[in-house]
Amino acid sequence: MKIETVQRWVASVILIHVGTVPAVSLAVYSIGLARTDHGRGVGLWIMSGVIGLLTVAGVRLIFQRSPISLWLLLGLLPTAVTGFAIF
(Lines give C-alpha, C1' and ligand atoms only; values in the text may rest on other atoms or scores of the structure.)
Protein backbone atom coordinates (compact mmCIF):
# COMPACT_ATOMS: atom_id res chain seq x y z
CA MET A 1 0.00 0.00 0.00
CA LYS A 2 1.27 3.47 -0.86
CA ILE A 3 2.12 5.87 1.92
CA GLU A 4 -0.23 8.50 0.41
CA THR A 5 -3.15 6.11 0.73
CA VAL A 6 -2.36 5.45 4.38
CA GLN A 7 -2.01 9.16 5.06
CA ARG A 8 -5.40 9.84 3.45
CA TRP A 9 -7.06 7.14 5.53
CA VAL A 10 -5.50 8.38 8.76
CA ALA A 11 -6.45 11.99 8.02
CA SER A 12 -10.00 10.99 7.13
CA VAL A 13 -10.45 8.92 10.31
CA ILE A 14 -9.21 11.85 12.40
CA LEU A 15 -11.55 14.24 10.56
CA ILE A 16 -14.49 11.87 10.99
CA HIS A 17 -13.87 11.67 14.73
CA VAL A 18 -13.31 15.40 15.15
CA GLY A 19 -16.38 16.22 13.05
CA THR A 20 -18.93 13.66 14.21
CA VAL A 21 -18.44 14.11 17.95
CA PRO A 22 -19.57 17.77 17.91
CA ALA A 23 -22.27 17.09 15.32
CA VAL A 24 -23.85 14.28 17.33
CA SER A 25 -23.37 16.12 20.64
CA LEU A 26 -25.05 19.26 19.35
CA ALA A 27 -27.89 17.27 17.82
CA VAL A 28 -28.58 15.42 21.07
CA TYR A 29 -28.19 18.52 23.22
CA SER A 30 -30.57 20.45 20.98
CA ILE A 31 -33.39 18.08 21.93
CA GLY A 32 -33.25 19.07 25.59
CA LEU A 33 -32.70 22.73 24.86
CA ALA A 34 -35.60 22.90 22.40
CA ARG A 35 -38.02 21.98 25.19
CA THR A 36 -37.17 25.11 27.19
CA ASP A 37 -35.96 27.51 24.49
CA HIS A 38 -37.10 26.37 21.06
CA GLY A 39 -35.13 28.98 19.08
CA ARG A 40 -31.77 28.11 20.62
CA GLY A 41 -32.50 24.40 20.28
CA VAL A 42 -33.23 24.77 16.59
CA GLY A 43 -30.06 26.84 16.18
CA LEU A 44 -27.93 24.07 17.69
CA TRP A 45 -29.79 21.54 15.58
CA ILE A 46 -28.93 23.46 12.39
CA MET A 47 -25.29 23.83 13.49
CA SER A 48 -25.06 20.06 13.92
CA GLY A 49 -26.20 19.64 10.32
CA VAL A 50 -23.65 22.14 9.04
CA ILE A 51 -20.82 20.42 10.93
CA GLY A 52 -21.94 17.04 9.57
CA LEU A 53 -22.00 18.35 6.02
CA LEU A 54 -18.57 19.93 6.36
CA THR A 55 -17.17 16.71 7.79
CA VAL A 56 -18.38 14.59 4.89
CA ALA A 57 -17.25 17.18 2.36
CA GLY A 58 -13.82 17.30 4.02
CA VAL A 59 -13.41 13.53 3.84
CA ARG A 60 -14.37 13.60 0.17
CA LEU A 61 -11.79 16.33 -0.47
CA ILE A 62 -9.08 14.34 1.32
CA PHE A 63 -9.65 11.55 -1.17
CA GLN A 64 -9.68 14.12 -4.01
CA ARG A 65 -13.31 13.56 -4.89
CA SER A 66 -15.99 16.13 -5.56
CA PRO A 67 -17.51 17.34 -2.27
CA ILE A 68 -20.96 17.45 -3.88
CA SER A 69 -22.33 13.94 -3.67
CA LEU A 70 -25.13 11.86 -2.23
CA TRP A 71 -22.69 11.02 0.59
CA LEU A 72 -23.55 14.45 2.03
CA LEU A 73 -26.78 12.90 3.26
CA LEU A 74 -24.68 10.86 5.68
CA GLY A 75 -23.56 14.11 7.30
CA LEU A 76 -27.18 15.07 7.89
CA LEU A 77 -28.01 11.79 9.62
CA PRO A 78 -27.71 13.06 13.25
CA THR A 79 -29.75 16.13 12.33
CA ALA A 80 -32.44 14.07 10.62
CA VAL A 81 -32.74 11.61 13.49
CA THR A 82 -33.03 14.27 16.19
CA GLY A 83 -35.35 16.41 14.08
CA PHE A 84 -38.25 14.16 14.96
CA ALA A 85 -37.76 14.88 18.65
CA ILE A 86 -37.44 18.64 18.18
CA PHE A 87 -40.46 19.22 15.95
Side-chain angles (χ1 to χ4, degrees):
M1 187 176 281
K2 294 182 181 179
I3 190 71
E4 292 85 15
T5 306
V6 174
Q7 289 173 338
R8 285 185 182 141
W9 277 103
V10 170
S12 67
V13 167
I14 291 171
L15 180 62
I16 289 169
H17 179 72
V18 169
T20 56
V21 168
V24 171
S25 299
L26 285 174
V28 171
Y29 185 66
S30 67
I31 295 171
L33 190 60
R35 291 187 182 137
T36 58
D37 188 2
H38 190 71
R40 287 176 46 197
V42 170
L44 289 179
W45 180 70
I46 290 171
M47 285 181 6
S48 73
V50 169
I51 292 171
L53 287 175
L54 290 175
T55 301
V56 173
V59 170
R60 301 248 330 142
L61 287 173
I62 287 172
F63 285 101
Q64 298 176 348
R65 306 274 192 246
S66 171
I68 307 300
S69 170
L70 287 177
W71 282 102
L72 289 177
L73 295 176
L74 185 65
L76 292 176
L77 188 63
T79 307
V81 170
T82 57
F84 294 108
I86 291 177
F87 297 107

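Starting from 1, each residue takes its place in the sequence as its number. Computed over heavy atoms, backbone and side chain alike; hydrogens, waters and symmetry mates excluded. Treat the numbers as computed from the prediction; the structure is a model and nothing was measured.
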Report task. Measure across I86 and G41 and return the closest heavy-atom pair with its distance rounded to 0.1 Å. Result -> CD1-O, 4.4 Å
Query raised in the report: Once you round to the nearest 0.5 Å, how far does CG of L77 lie from OG1 of T20?
Result: 11.0 Å
Requested in this report: Ignoring hydrogens and angles, tell me if any N or O in the side chain of W45 forms a donor-acceptor pair with the backbone of T79 under 3.5 Å.
Outcome: yes
Query - Which atom of V6 lies closest to which atom of M1, heavy atoms considered - result: CG2-SD, 3.6 Å
Query raised in the report: Going hydrophobic residue to hydrophobic residue with side-chain gaps under 4.5 angstrom, can you get from V10 over to I3?
Result: no
Report summary line: Smallest heavy-atom separation, S48 atom then A23 atom, equals CB-O, 3.2 Å
Query raised in the report: Between OG1 of T82 and OH of Y29, what distance do you get to the nearest 0.5 Å?
Result: 14.5 Å
Query raised in the report: Would the number of heavy atoms belonging to other residues, nucleotides or ligands and lying under 6.0 Å from CZ of F84 be above 12?
Result: no
Report summary line: OG of S12 to NE2 of H17, rounded to nearest 0.5 Å, is 13.5 Å
Query - Gap separating the CD1 atom of I51 from the CG atom of L26, nearest 0.5 angstrom - result: 5.0 Å
Query raised in the report: Nearest 0.5 Å, what's the CG-OG distance between L44 and S25?
Result: 11.0 Å
Query raised in the report: What heavy-atom pair brings G58 and L15 nearest, and what distance separates the two atoms?
Result: C-CD2, 3.5 Å
Query - Which atom of P22 lies closest to which atom of G19, heavy atoms considered - result: CD-O, 3.4 Å
Query raised in the report: Would I16 end up clustered with W9 when hydrophobic side chains under 4.5 Å apart are linked, directly or stepwise?
Result: yes
**Report entry** Straight-line distance of L76 CG to L53 CG, nearest 0.5 Å
**Finding:** 4.0 Å
